[in-house]
Every structure is written in structure tokens, then in C-alpha cells.
Amino acid sequence: MKKLIYLVPTLSLVGCTSQQVEEKPNVIVILADDLGFGDVSAYGSTTIHTPNIDSLAHGGVCFTNGYATSATSTPSRYALMTGMYPWKNKDAKILPGDAPLIINEHQFTLPKMMQQCGYVTGAIGKWHLGMGDGNVNWNETVKPGAREIGFDYSCLIAATNDRVPTVYVENGDVVGLDPADPIEVSYEKNFEGEPTAISHPEMLKMQWAHGHNNSIVNGIPRIGYMKGGQKARWKDEDMADYFVDKVKNFVTEHKDAPFFLYYGLHEPHVPRAPHQRFVGKTTMGPRGDAIVEADWCVGELLAHLEKEGLLENTLIIFSSDNGPVLNDGYKDGAPELAGNHLPAGGLRGGKYSLFDGGTHIPLFVYWKGKIQPVVSDALVCQVDILASLGSMVHADLPEGLDSRNYLDAFFGKASTARKDVVLEAQGRMAYRSGDWIMMPPYKGSERNLTGNELGNLGEYGLFNVKADRTQHQNEAAQHPELLDSLKQNFFAEVDGYYRSEVEEEPLK
């Protein structure tokens, strides 16, 4: 096997061309967290109602073959921001809350590209790409961070809402921090005297199922240990409103100049603690209610764009970072209350999975009055958003990106896009080519603690996902020549990065 080489396309000789940009719409990328293909009613689900998200699908391009690169959060977001396959970066895996920024400061990124083309850039919501240099002092300005990779403004949670530190970080500074009560964070050991789910279960308002039994914040046990910062700690039930207000303020402040906004929804990631006004809106418990809350967030954004007279000059891309999961560490009734609801929409697997449900996600592109409504079967991937938007704003792109320009497909003007894509789930890889998915053999568990299938088949898998969406017919033996062809293409693409032996990442 060849020695691993980590290639980082840099910013040298990159910028916007002098070509006249006829239209420079605002661009908003909305990325939900753990939202499955079947979690929005636009794809035909009758068990949940998401009218605002559906309005983007019905009013724009509704992709039936839209993909994230990865079945987990950090690598998926890395691909979106950099236009690079995340498996080329050894650090692109699920990060703790105190992990360093995994995007090289000199690397070409989506927000840097938009900045160079005259856009004001903002990042609001979930981040999970690391902050700082690996030795974070949360009581000072944390850098490098969003600013260093191209965002003029940011208001973020460092990792996920189930990981410490449970604070908002605005432009690198913890919001509302009292200097007399400094924050300390550790993912190794607890701080003396600090309560945990193990030592003080009576403090819990939400019970943990696996892994989430460290520091308690807002009655919810988390991953990792935290001390101090009491005034700065968020209240989970208010998170949606908090970020919606930040989004509205950003839009209003920059309505007179083109802006690029990344809006990372935290729903329906655990812990699912929607605002009280959404509790009971579905029969599926907190997970279903959190999805309804996410839909409300989208509705609030659309209404505000219309109020500011910006809706017809704003391109909106909606998607999810990876597939769905029910029991992801808390006893919130999600598996028991799912009923007839299929979060992955009938696709096999979900979050963490190499099966299609891990990366086959909702993807809609909307631009009122400019994009005509269409259902598209084109194969597209979030990694291509960078190059496609680059084409729209006439940006110069560096050599070596994995991102490809499929702007016509994203605008509904072309019915085809990618011929193939490499998909990833915690270090394991699969290959989609046309209607076929090839999965190499991997050892390991059939399922992890969440109950989701991981896709460790032990033998080569070959599935026609157009004829067999559920991936229950392995046709490797029936099509040996096709299998050999796909293997050849796959191994050429991942040469130097593929590993047949992959240790299962523990859920922490």
C-alpha cells in the first residue's frame, strides 16, 4: 500500500475572475443534523409533516439521489466546507468538544471562495469541525476557528449538543462568560466535586442509555467533563430560538450586500429537547417534536427573507449531514414511539452505516422565480456544492479538489451529474456508480450500540439501489464482471487511503 499523503489545496493564485457576474444571489446552506431521507414529508412520508422544508422541495429541485460523503457529522461537514473527500484527512472523524480545528488555515474553503467573490460570510449553529489548536482556553478568544477558514461572523456550538462545552461561541468568544467563573473542559477525567450522571442520578431530567453519563448541564448528562461557566451555559430548549434570532439578525444586517450563510440546525441530534411549544406536536416523542421544531426554524428563515424582500434573490440549499438514528445515547423513547415512521425512508441502515441510509440524505435547492420545480434523479453529493457555487460566482478553483461543478443539475437544468461517488462511514468505504453500490468486505459488529446496521458484510456486496432500495439482494455472485469493474474503479480512486482492517470507533 502506498504511503498516505495528505494533500491540501491552498489559496495560491485563487480568487474571482474578472468575468462579469450577471447575478450574485445571497446563498444559504441549511444543514440539519441526523435528519433521514424519510424524516421529511416531501419524499412521501405520511407519518410526519414538514411543510416549510417541503416548500423548498416542491418549489425547487428535489433530489432523490442526494448524498453526504459520510455517515457521521464531522467528516460530512469537512467535505462541504473544503470540497475534499474527508477520508483524505485522518482527523476527519467524530470529534470531541475540545478538538482542534481540522481544516488547515491555508486550505481553500467554501466560505473563503465566497469572500473572495464579494460575499459577507456567516456561520451560525452547529460546527463540529474543531476549534483552537488542541489546547483550548475557553476563557479567551478561541482561534483558529471559523474566522480563520473564511467566515466574517460566527455564532456556534463547538461540537454537538451532547458534548461539553455547553456554551455558545460567538466570533471565537464564549457568550455571557463571567471571568470570575472560568470554564474548564476535559475529556479524560472529571473535576473534583463536579456532579455526573453516575454520582448524582437524582439531578437528571433525561436518562442516558449509553455513553452520555459525564457532566450534567440543564439536567441532561453529557459526553465529557466541564466545570465553571455557569452563566454562559445554554438551555437546550431555547437553542432553536437563539440561533433563529442570530440568523435573522445576520440577514437583516447584510441585506444590502450579497451574503453567504451556513446555518447548522442542531435537530434532531440528541439530546432532543425541543421548546415546550413543540412538545407533543407528533406522536413520536422528542425526536419527532425536534423535527417539527427544525421545520419551524426553516419557516422562520423563509418568512424573514420575504419580509426583508430577499426571497427572490436568495439561493437556498437544504440538506442533512448524515442519515438518521433513534437511540443515540439517551432514553427518550425514540425507538418505542417511532411507530410506522421510517426515518431512513425505507433505505437500509442509518447514521454510522455503510448501507445507503447512512449517506443518502434529503437534498433540496430552491431559488424563488429562478429555479423551476422538478424532481431530479441526478446523482449529486454535498462535496460538489463548493465547485458548483464557484461556477455560479465565477471563482477560480485550485487544482486537486474532489468537488465537481454540477451547477446545471443543482439548478434543475440537467438530469445527470456524478457518475460515481465514494461514500464513507467511520473509516469504512463504499462506492456508488450509477444505480449500483459496491461495498468491500469489513470485519466487525453487525450493529453498534444504537442498533443501526453498520454494513460490515464480511464479503463483497453489490446492490442495485434503483431496483432494490432496501439493499437486501446482494448480486455480487450474479454479476462478477460488473463487480470486478467497480472494484477496479474504486481501488484506483481510494489508492493510498483504503484500509481493509478498520477498528470500530467507540461511541463516547
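Please read these numbers as outputs of a predicted model, since none were measured by experiment. Throughout, residue positions are numbered sequentially from 1 according to the sequence presented.
- When only modelled atom types and interatomic distance are considered, Gln115 and Asp152 share a side-chain donor-acceptor pair under 3.5 Å.
- With 3.5 Å as the limit, one finds no donor-acceptor pair spanning the side chains of His266 and Asn161.
- Here the closest non-hydrogen pair linking Ala71 and Lys351 is O-CG, 3.5 Å.
- Inter-residue side-chain proximity for Phe260 and Leu110 is flagged as met; some heavy-atom pair is nearer than 4.5 Å.
- Using a 4.5 Å heavy-atom threshold, the side chains of Val169 and Trp138 count as touching.
- No more than 12 heavy atoms of other residues, nucleotides or ligands shown are found within 6.0 angstrom of CD on Glu192.
- Looking only at distances, a side-chain donor or acceptor of Thr196 sits under 3.5 Å from a matching main-chain atom of Ser199.
- Within the structure, the ring pair (Phe, Tyr, Trp, His ring centres under 6.0 Å) test picks out the following pairs touching residues 164-209 (sequence neighbours left out): Tyr168-Trp234, Tyr168-Tyr242, Tyr168-Phe243.
- Ser73 and His128 form a side-chain donor-acceptor contact under 3.5 Å, judged by distance and modelled atom types alone.
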Query raised in the report: For Ser45 and His341, what are the C-alpha separation, side-chain angles and deciding distance, and is it a side-chain contact (heavy atoms from CB on, under 4.5 Å)?
Result: CA-CA 8 Å; Ser45 175; His341 181 66; 3.8 Å; yes

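- Taken to the nearest 0.5 Å, the CZ atom of Phe463 stands 8.5 Å off from the NE2 atom of His472.
- Remark: side-chain polar atoms of Asn218 are not paired, donor with acceptor, to backbone N or O of Ile220 under 3.5 angstrom.
- Between the side chains of Ser70 and Glu424, at least one donor N or O lies within less than 3.5 Å of an accepting N or O.
- In this structure the side chain of Leu347 never reaches within 4.5 angstrom of the side chain of Phe355, judged on heavy atoms.
- The salt bridge (Lys or Arg N to Asp or Glu O under 4.0 Å) search around Asp245 returns none, not counting sequence neighbours.
- With salt bridges taken as basic N to acidic carboxylate O contacts below 4.0 Å, none links Arg287 and Asp34.
- By the side chain to side chain contact (heavy atoms under 4.5 Å, CB included) test, Asn327 is found to be paired with Ala209, His210, Pro335, residues two or more places apart in sequence or in another chain being considered.
- Taken from OH in Tyr431 to CG in Leu423, the straight-line distance is 10.5 Å, to the nearest 0.5 Å.
- Side-chain atoms of Pro441 and Leu457, non-hydrogen and from C-beta on, never get closer than 4.5 Å to each other.
- Within the model, atoms SG of Cys297 and CG of Leu302 stand 11.5 Å from one another, a figure rounded to the nearest 0.5 Å.
- The shortest distance between side-chain heavy atoms of Ile157 and Met239 falls below 4.5 Å.
- Checking side-chain atoms of Ser320 against main-chain N and O of Ile361 turns up no donor-acceptor pair under 3.5 Å.
- The main-chain N or O of Leu454 is found under 3.5 Å from a side-chain atom of Arg428 such that the two form a donor-acceptor pair.
- Asn452 CG to Arg447 CZ: the interatomic distance, rounded to the nearest 0.5 Å, is 8.0 Å.
- Contact check for Ile223 versus His212: side-chain heavy atoms found under the 4.5 Å cut-off.
- With sequence neighbours excluded, no residue satisfies salt bridge (Lys or Arg N to Asp or Glu O under 4.0 Å) with Glu194.
- Annotation: side-chain hydrogen bond (donor to acceptor under 3.5 Å, both in side chains) contacts of Arg277 (sequence neighbours excluded): Asp241, His275.
- Between the side chains of Asp173 and Asn171, no donor N or O sits under 3.5 Å from an acceptor N or O.
- His49 and Asp54 form no side-chain donor-acceptor contact under 3.5 Å, judged by distance and modelled atom types alone.
- Judged purely by atom type and a 3.5 angstrom limit, Thr50 uses its side chain to pair as donor or acceptor with the backbone of Ser41.
- Separating the CD atom in Glu267 from the CG atom in Leu35 is a distance of 9.5 Å, to the nearest 0.5 Å.
- Judged purely by distance below 3.5 Å, without hydrogens or angles, the side chains of Asp356 and Tyr67 pair a donor atom with an acceptor atom.
- Partner Phe259 forms a ring-ring contact (aromatic ring centres under 6.0 Å, His included) with one of Tyr119, Tyr153, Phe250 and no other, that one being Phe250.
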Report task. Could you give me the CA-CA distance, side-chain angles and deciding distance for Phe318 and Leu265, then say whether side-chain contact (heavy atoms from CB on, under 4.5 Å) is met? Result -> CA-CA 10 Å; Phe318 178 92; Leu265 299 172; 4.3 Å; yes

Requested in this report: Could you walk me through whether Asn65 and Arg432 pass side-chain contact (heavy atoms from CB on, under 4.5 Å), step by step?
Outcome: CA-CA 11 Å; Asn65 284 310; Arg432 175 156 181 176; 3.1 Å; yes

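- Within 6.0 Å of the NZ atom in Lys205, the count of heavy atoms belonging to other residues, nucleotides or ligands exceeds 12.
- Considering CG of Leu363 and CG of Leu56, their distance stands at 11.0 Å, rounded to 0.5 Å.
- Here the closest heavy-atom approach between residue Ala338 and residue Leu326 is recorded as CB-CD1, 4.2 Å.
- Taking each heavy atom of Pro144 and Leu101 in turn, the nearest pair found is CB-CD2, 3.8 Å.
- Judged purely by distance below 3.5 Å, without hydrogens or angles, the side chains of Thr252 and His304 pair a donor atom with an acceptor atom.
- Under the 4.0 Å criterion applied to side-chain N and carboxylate O atoms, Arg272 and Asp328 are not assigned as salt-bridge partners.
- Lys93 has its side chain out of reach of Thr72: every pair of non-hydrogen atoms, C-beta onward, lies at least 4.5 Å apart.
- Put simply, the side chain of Ile149 does not reach to within 4.5 Å of the side chain of Thr82, judged on heavy atoms.
- Among residues two or more places apart in sequence or in another chain, the salt bridge (Lys or Arg N to Asp or Glu O under 4.0 Å) test is passed with Lys248 by Glu300.
- The six-membered or imidazole ring of Phe364 lies near that of Tyr43, with a centre-to-centre distance under 6.0 Å.
- Contact between Gln382 and Ser76 at its shortest, heavy atoms only, is OE1-OG, 3.4 Å.
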**Report entry** salt bridge (charged side-chain N to carboxylate O under 4.0 Å, His left out) evaluation trace for Asp181 with Arg233
**Finding:** CA-CA 12 Å; Asp181 184 26; Arg233 299 186 182 195; over 6 Å; no

Query raised in the report: Going through the checks in order, is the side-chain contact (heavy atoms from CB on, under 4.5 Å) test met by Ile28 and Ile30?
Result: CA-CA 6 Å; Ile28 300 176; Ile30 308 172; 3.9 Å; yes

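- A salt bridge links Arg348 with Glu453: the closest approach of a Lys/Arg side-chain nitrogen to an acidic carboxylate oxygen falls below 4.0 angstrom.
- Between Gly97 and Pro165 the shortest heavy-atom distance is O-CD, 3.8 Å.
- Side-chain N/O atoms of Tyr225 and Glu188 include no donor and acceptor closer than 3.5 Å.
- In terms of heavy-atom proximity, Pro75 sits nearest to Ile94 at CD-N, 4.4 Å.
- When atom types are taken as modelled, the side chain of Asp295 and the backbone of Val40 share no donor-acceptor pair closer than 3.5 angstrom.
- In this structure a side-chain-to-backbone donor-acceptor pair under 3.5 Å is present from Asp402 to Tyr85.
- Residues Thr282 and Asp289 have side chains that bring a donor and an acceptor to within less than 3.5 angstrom of each other.
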